[in-house]
Amino acid sequence: MERLIAQLKTARDLPDEGLAALIESEAATAPLAAAADGVRRQVYGDAVYLRGLIELTNHCRNNCYYCGIRRDNRTLTRYRLTHAQVLACCREGYDLGYRTFVLQGGEDPYYTDERLCGLVAAIRAAYPDAAITLSMGERSKESYRALFNAGANRYLLRHETADDAHYAKLHPAELSLAHRKQCLRDLKAIGYQVGSGFMVGSPGQTTACLVQDLRFLQELDPDMIGIGPFLPQADTPFARSPKGDLTLTLRLISLLRLLFPHALLPATTALGTLDPNGRELGLQAGANVVMPNLSPVGVRALYALYDNKICTGEESAQCRGCLERRVAAAGYRVVTDVGNVKRSVT
Ligand code: 5AD
Ligand code: FES
């Protein structure tokens with residue numbers, strides 16, 4: 001194991017068999033984290049970047065089998081934040097030191113280019129020094145371009161799985177991996193800083209799927225890579241599927257850090273939901289971003305991608321303070337910074 005990790009650290013790559021062996025080795029978890037933390041400190045020091053997450057809408061036209069806001073979930077109360085609510089979230093976030101706002105939502109047809117561009121332009125005008133990240137699913141290249149021109153500079157779109165057959169197990173036939181990849185290429189071509197990623201332990205996932213995820217990411221070369229464990233949601237077809245594994249997720253974070261030394265890697269909310277200490281462990285495994293929830297507390301539980309999501313109660317109104325303490329306890333430091341990718345260092 002140590003030999004594989006040393007080889008990965010110097011070559012920044014391994015043959016498929018080596019990656020697969022590390023993915024499957026419980027014993028590799030700690031040494032991988034130590035190696036990843038070393039690389040992360042070389043590139044980013046102990047800095048942890050904040051991304052203020054604003055959950056814009058839980059309406060969605062899609063029907064992904066894993067996701068609690070899928071269109072067939074009739075039990076869910078749907079909401080959309082008003083523009084005034086979003087701007088109030090940004091104001092609060094800016095005052096708390098956030099320099100990146102992430103607008104995330106389902107694929108909600110209400111958000112025409114005109115409406116979404118209007119919102120982006122208003123945020124851009126109010127916060128010229130902040131990054132605006134969109135995470136609003138698949139749209140046309142023209143739409144992505146219009147949003148970029150309105151002031152958005154980053155886009156998060158996880159590929160979810162890079163294996164065609166596995167993609168078809170997680171999504172209805174109207175969604176395809178090929179189209180998802182096309183969207184990612186379009187976003188890059190337009191000039192966005194792009195984030196992709198996948199769920200760990202989603203139903204039907206194998207080690208070979210995970211190796212393919214890493215290979216696809218090498219091809220895409222994104223700036224940000226978000227991964228988190230799959231967590232079942234009661235009103236989905238996967239309600240009774242097992243959760244993703246904690247140490248497997250941590251090993252993958254470490255592998256991502258070693259394969260992509262410059263990448264911005266979040267310790268995700270799903271990881272914090274799987275384990276009370278999950279985000280801290282994610283940071284120690286190589287992650288360098290946290291995404292505190294900035295949404296109005298009243299809607300947070302309705303953005304129900306999976307069950308038992310953290311940060312939904314009144315006590316979490318200030319995730320910023322909570323996360324700052326958690327980051328410090330894990331041995332890192334929250335910074336007030338737009339947090340761009342540091343490619344020049346690598
Ligand atoms: N468990 C974990 N992550 C999920 N996501 C959606 N549903 C789930 C779930 N049940 C993730 C997807 C999506 C991101 C916004 O949330 O990877 O891209
Ligand atoms: Fe939200 Fe701790 S980060 S309550």
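In each ligand, atom 1 is the first atom listed, and ligand 1 is the first ligand listed. Since the structure is predicted, the reported quantities are computational estimates derived from the model, not experimental observations.
Ordered by chain and residue number, the residues placing a heavy atom less than 4.0 Å from ligand 1 are Tyr66, Cys67, Gln104, Arg158, Glu160, Met199, Pro229, Phe230, Leu231, Leu305, Tyr306.
Residue, atom and distance of the protein heavy atom nearest to atom 3 (S) of ligand 2 are Arg279 NH1, 3.2 Å.
Residue contact check for ligand 2: Gln318 places no non-hydrogen atom closer than 4.0 Å to it.
A cation-pi arrangement is absent between Arg51 and Phe101 under the rule of less than 6.0 angstrom and at most 45 degrees off the ring axis.
Closest of all the heavy-atom pairs between Ala270 and Pro229 is O-CG, 3.6 Å. Annotation for Thr100 and Leu50: closest pair CB-O, 4.0 Å, computed over non-hydrogen atoms.
The aromatic ring centres of His159 and Phe216 sit less than 6.0 Å apart. Ring-centre distance between Tyr111 and His59: not below the 6.0 Å cut-off. If you look at Phe148 and Tyr155, their ring centroids are not closer than 6.0 Å.
Under the rule for a side chain to side chain donor-acceptor pair (under 3.5 Å), the partners of Asp108 that lie at least two apart in sequence or sit in another chain are Thr57, Arg80. Not a single side chain to side chain donor-acceptor pair (under 3.5 Å) links Lys243 to another residue, sequence neighbours left out.
Using a 4.5 Å heavy-atom threshold, the side chains of Ile23 and Leu214 count as touching. Two residues are said to be in side-chain contact when any heavy atoms from C-beta on lie closer than 4.5 Å; Leu248 and Leu250 fail this criterion.
Near atom 2 (Fe) of ligand 2, less than 2.8 Å away, sit the protein N, O or S atoms Cys322 SG.
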